[in-house]
Amino acid sequence: MRMVFLGPPGAGKGTQAARLMRRHGIPQLSTGDMLRAAVAAGSAVGLKAKAIMEAGGLAPDALVVGIVAERIVEPDAAKGFILDGFPRTVAQAEALDLMLETKGMALDAVLELEVDPKVLVERIEKRAAETVASGGTVRPDDRPDVLARRLKAYREQTEPVSRYYAESGRLKTIDGMSPIDRVSEGIDGALGIATEFARQA
Ligand code: AMP
């Protein structure tokens with residue numbers, strides 16, 4: 001199963017992708033995690049992405065497409081993968097289609113979690129407060145000013161990606177405002193699989 005997970009920062013993609021990963025035994029490939037690892041390692045990719053990420057902007061398409069192309073051919077992705085945070089521009093979505101086509105592959109599902117923008121800010125503020133309370137370090141790009149820029153980048157550059165998939169009839173939108181298990185149920189429904197999150201009657 002090869003999947004793309006779309007949704008703004010704070011929509012719950014990470015949580016839901018982690019559940020799908022456990023359930024289907026396929027890796028969750030987060031470009032944000034890959035870029036943060038590259039920054040931490042001080043690699044050439046990391047050096048290029050660091051300042052952009054800190055400012056809440058998007059890393060260059062070619063750079064991100066390059067790391068995804070290398071990642072999806074790793075042995076653990078042979079059975080499939082869940083792309084989390086990629087594609088974030090229409091150019092990336094087109095590059096992904098081409099990349100998969102040349103490998104004789106295609107996406108099985110494109111899921112989008114839809115959440116009210118006001119709730120996103122609340123969720124990310126909560127995530128930051130919980131991190132501080134547990135003695136951790138808040139992600140620099142979860143600070144309010146940077147978050148505002150990330151949400152703007154999402155509206156301007158990533159919402160067209162939803163339209164790109166919708167136009168080719170591949171987009172399945174799920175309400176991301178419900179409790180976590182209900183969202184998981186919605187995802188199972190969209191994938192046409194029996195849910196293991198059915199509510200108690
Ligand atoms: P995330 O963890 O998905 O919120 O990503 C954190 C940051 O990494 C984003 O704000 C961007 O600066 C960068 N990033 C992650 N994925 C992409 C992508 N597909 N294209 C461009 N930049 C990305």
Side-chain angles (χ1 to χ4, degrees), residues 2-21 27-72 74 77 81-100 107 110-115 117 119-128 130-131 136-165 171 176:
R2 298 184 182 92
M3 273 186 259
V4 159
F5 226 129
L6 299 173
K13 294 189 301 293
T15 306
Q16 294 296 337
R19 286 185 162 195
L20 284 167
M21 174 178 82
Q28 168 192 8
L29 309 182
S30 153
T31 43
D33 285 350
M34 291 181 221
L35 289 169
R36 278 185 287 278
V39 169
S43 69
V45 166
L47 290 176
K48 281 191 198 134
K50 188 171 189 286
I52 299 169
M53 291 174 74
E54 281 170 359
L58 291 186
D61 288 334
L63 183 135
V64 185
V65 168
I67 58 173
V68 170
E70 281 176 17
R71 184 63 186 85
I72 63 170
E74 294 284 323
F81 47 78
I82 304 158
L83 284 169
D84 166 9
F86 179 92
R88 260 187 165 85
T89 65
V90 172
Q92 291 179 14
E94 288 169 346
L96 176 64
D97 276 345
L98 192 66
M99 183 195 302
L100 293 175
L107 289 173
V110 179
L111 306 175
E112 176 184 50
L113 285 182
E114 210 171 36
V115 179
V119 174
L120 297 175
V121 176
E122 281 163 24
R123 282 189 183 177
I124 294 187
E125 283 172 355
K126 190 165 163 245
R127 174 163 91 188
E130 282 169 359
T131 306
T137 312
V138 175
R139 265 173 61 171
D141 58 355
D142 272 354
R143 291 197 207 107
D145 53 329
V146 184
L147 174 62
R149 264 176 267 140
R150 287 167 63 208
L151 291 170
K152 185 167 179 276
Y154 189 84
R155 270 195 315 277
E156 292 176 355
Q157 287 164 280
T158 311
E159 279 181 3
V161 175
S162 306
R163 286 197 288 282
Y164 172 82
Y165 288 120
L171 184 71

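Indexing begins at 1, ligand by ligand and atom by atom, following the structure's order.
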Under 3.5 Å: N/O of [X] near N/O of ligand 1:
X     : result
Ala59 : yes
Asp33 : no
Ser30 : no
Phe86 : no
Leu35 : no

Proximity of [X] to ligand 1 by residue part, where a heavy atom lies under 4.0 Å:
X      : result
Leu58  : both
Arg139 : side chain
Met53  : both
Asp141 : side chain

Tell me which protein heavy atom sits closest to [atom], plus the residue, atom name and distance to 0.1 Å.
atom                    : value
atom 16 (N) of ligand 1 : Thr31 OG1, 2.8 Å
atom 1 (P) of ligand 1  : Arg88 NH2, 3.4 Å
atom 6 (C) of ligand 1  : Arg36 NH1, 3.5 Å
atom 11 (C) of ligand 1 : Gly57 O, 3.3 Å

How far apart are the C-alpha atoms of Leu100 and Ile72, what are their side-chain angles, what is the distance that settles it, and do they pass the side-chain contact (heavy atoms from CB on, under 4.5 Å) test?
CA-CA 9 Å; Leu100 293 175; Ile72 63 170; 3.9 Å; yes
Pairing of [X] and [Y] as salt bridge, 4.0 angstrom limit:
X      : Y      : value
Asp141 : Arg149 : no
Arg163 : Glu159 : no
Lys126 : Glu122 : no

Can you check whether [Y]'s main-chain N or O pairs, donor with acceptor, with [X]'s side chain at less than 3.5 Å?
X     : Y      : result
Lys13 : Phe5   : no
Thr31 : Gly85  : yes
Arg88 : Gln157 : no

Work out whether the distance between some heavy atom of Lys13 and some atom of ligand 1 is less than 4.0 Å.
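No, that is not the case, since the closest heavy atom of the residue is not under 4.0 Å from the ligand.
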Consider ligand 1: state whether an atom of it lies below 4.0 angstrom from any non-hydrogen atom of Gly56.
no
With side-chain contact (heavy atoms from CB on, under 4.5 Å) as the criterion, how do Val64 and Thr89 come out once you've worked through the C-alpha distance, each side chain's angles and the decisive distance to 0.1 Å?
CA-CA 11 Å; Val64 185; Thr89 65; over 6 Å; no
When rounded to the nearest 0.5 angstrom, what is the spacing between CG in Leu29 and CE in Met34?
4.5 Å
What closest approach, in Å, do Arg36 and Asp33 show between heavy atoms, and which atom pair accounts for it?
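What the structure gives for the nearest pair is NH2-OD1, 2.9 Å.
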Is the count of non-hydrogen atoms from other residues, nucleotides or ligands lying under 6.0 Å from Glu54 atom CD greater than 12?
yes
Where ligand 1 meets Arg150 - atom numbers and elements under 4.0 angstrom, heavy-atom basis
4 (O), 10 (O)
Element-labelled atoms of ligand 1 that are located less than 4.0 Å from some non-hydrogen atom of Gln92
18 (C), 19 (N), 20 (N), 21 (C)
